[in-house]
There are 2 protein chains.
Amino acid sequence: MFLMMEAQIDEILRKNQLSVTGSRKRILELFLMSNGALAHGDIEKKTGEKFDRVTVYRTLQTFLEKGIIHSIPTPDNSVLYALCKDDCSEGHHHDNHVHFICSICGKTICLADVTVPEVKLPVGFLPHEYQMVVTGLCKECR
Amino acid sequence: MFLMMEAQIDEILRKNQLSVTGSRKRILELFLMSNGALAHGDIEKKTGEKFDRVTVYRTLQTFLEKGIIHSIPTPDNSVLYALCKDDCSEGHHHDNHVHFICSICGKTICLADVTVPEVKLPVGFLPHEYQMVVTGLCKECR
DNA sequence: AATCTTTTTGCAACAAAGTTGCATGTGATT
DNA sequence: AATCACATGCAACTTTGTTGCAAAAAGATT
Ligand SMILES: [Mn+2]
Ligand SMILES: [Mn+2]
Ligand SMILES: [Zn+2]
Ligand SMILES: [Zn+2]
């Protein structure tokens, strides 16, 4: 099963024309293993002293640009990242799903099946993208 | 008309049991004059060298706690603040309106009349607060 | 108006978060 | 194996946010 994961990681990187390196493999692995979104800090902690802080920044930046991950705005203005669905491509994301943040455990979860509803805006406003974040209690913490 | 504003500022501060000081008056004035949300940096620039950076941080913190302003999460994870409606009080905000961010001019606007719709979540999730941010083009930039 | 008390402010020092340039190391291609 | 482009680590730096404390200003009391 770990071999499967490794193959999957390789495939994702190749598909996005990225060379397969240690930090990229490790960070992508973290995302695949995690059920919630990750902050830059989380990744730094989990990779330990293995990689430079700068490398983590640049890797996340690269993944963002390639559409491998997307960032999530949170009410406390911290930066979170989560895997995109397969069909996100460079530049054009379509992760228009709701994000849920648990007030107790702090975990942020992509509700991939809950689509962000469109709302009617006042005249003059031309909407492009809708984002929705819900805070509350998750399954484990309620 | 400027006298009116000054009176209004005084009233807001008094109503919230805050002493009326130079920085609080000035920063509150900036919010009342602005039609969009303000970032910490905006405020620093507009107050010039008048007040210390730390004072701006603390003033915003105080206004937040008192329910005079609310913060807005943005897709690029910067921190924005905007005035609350009159009936927000300490701790309990009810600014459950949609926020609009223009991709051209960058202005962030409170759509006070557009209520955030509630969505049905998967079983197990207990929602508490819904936040919604829409990006696109504003009236002036479209 | 003068005095006392409480709160706010500015300063300095610090901590955390993020950026940039450049030399070196590694992965991909032939 | 040799080459070349790209990714990484390091150092130095900027930007952003925090904390403790003394001085200053605001509010209350006489
Ligand atoms: Mn997501
Ligand atoms: Mn608002
Ligand atoms: Zn939880
Ligand atoms: Zn605009």
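Below, read A as the first sequence line, B as the second, and so on, with proteins coming before strands; counting in each chain starts at 1.
- Mapping B:Phe51 and A:Thr21 onto DNA chain C by nearest heavy atom places B:Phe51 closer to the 5' end of the strand.
- Put simply, the side chain of B:Arg53 and the base of C:dG10 share no donor and acceptor less than 3.5 Å apart.
- Rounded to whole Å, the distance from CG on A:Asp10 to P on C:dG27 is 12 Å.
- Using a 4.0 Å heavy-atom criterion, one finds that A:Thr62 contacts no nucleic acid atom at all.
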Show, in sequence, the C-alpha distance, side-chain angles and deciding distance for A:Phe63 and A:Leu28, and conclude whether the side chain to side chain contact (heavy atoms under 4.5 Å, CB included) test is met. CA-CA 9 Å; A:Phe63 285 0; A:Leu28 197 42; 4.2 Å; yes
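- Residue-to-nucleotide contacts include no donor-acceptor pair under 3.5 Å from the side chain of A:Arg58 to the base of C:dG18.
- Here C:dT29 presents its P atom at 11 Å from CD of A:Gln17, a figure rounded to the nearest Å.
- Atom P of nucleotide C:dT9 and atom NZ of B:Lys50 are separated by 11 Å, given to the nearest angstrom.
- When the nearest nucleotides of DNA chain D are assigned to B:His40 and B:Leu18 by heavy-atom distance, the more 5′-ward of the two goes with B:His40.
- Nucleotides of DNA chain D lying under 4.0 Å from heavy atoms of chain A occupy a range whose first and last members, 5' to 3', are D:dA7 to D:dA11.
- The distance between atom CD of B:Glu65 and atom P of C:dT8, rounded to the nearest whole Å, is 11 Å.
- With C:dA28, C:dG10, C:dT8 as the choices, the nucleotide that has an atom nearest any side-chain atom of B:Ser19 turns out to be C:dT8.
- Residues A:His70 and A:Tyr81 place their aromatic rings such that the two centres sit no closer than 6.0 Å.
- Taking CG of B:Leu83 as the start and OG of B:Ser34 as the end, the distance is 8.0 Å to the nearest 0.5 Å.
- Between the side chains of A:Thr74 and A:Ser78, at least one donor N or O lies within less than 3.5 Å of an accepting N or O.
- Spacing between atom CG of A:Leu60 and atom P of C:dA17 amounts to 14 Å, rounded to whole angstrom units.
- Distance from the side chain of B:Arg24 is smallest for C:dT8 among the nucleotides C:dT8, C:dT19, C:dG18.
- With rounding to whole Å, B:Lys25 atom NZ is found 20 Å from C:dT7 atom P.
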Side chain to side chain contact (heavy atoms under 4.5 Å, CB included) evaluation trace for A:Lys120 with B:Val114: CA-CA 8 Å; A:Lys120 214 191 236 168; B:Val114 185; over 6 Å; no
Where do A:Ile72 and A:Thr108 land on the side chain to side chain contact (heavy atoms under 4.5 Å, CB included) test, with the steps shown first? CA-CA 9 Å; A:Ile72 303 167; A:Thr108 296; 4.1 Å; yes
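- Of the residues near DNA chain D, A:Asp52 and B:Arg14, the one whose nearest nucleotide (by heavy atom distance) lies more toward the 5' end is A:Asp52.
- With salt bridges taken as basic N to acidic carboxylate O contacts below 4.0 Å, one links A:Arg14 and A:Asp10.
- Straight-line distance from the OH atom of B:Tyr57 to the C1' atom of C:dG10: 15 Å, rounded to whole Å.
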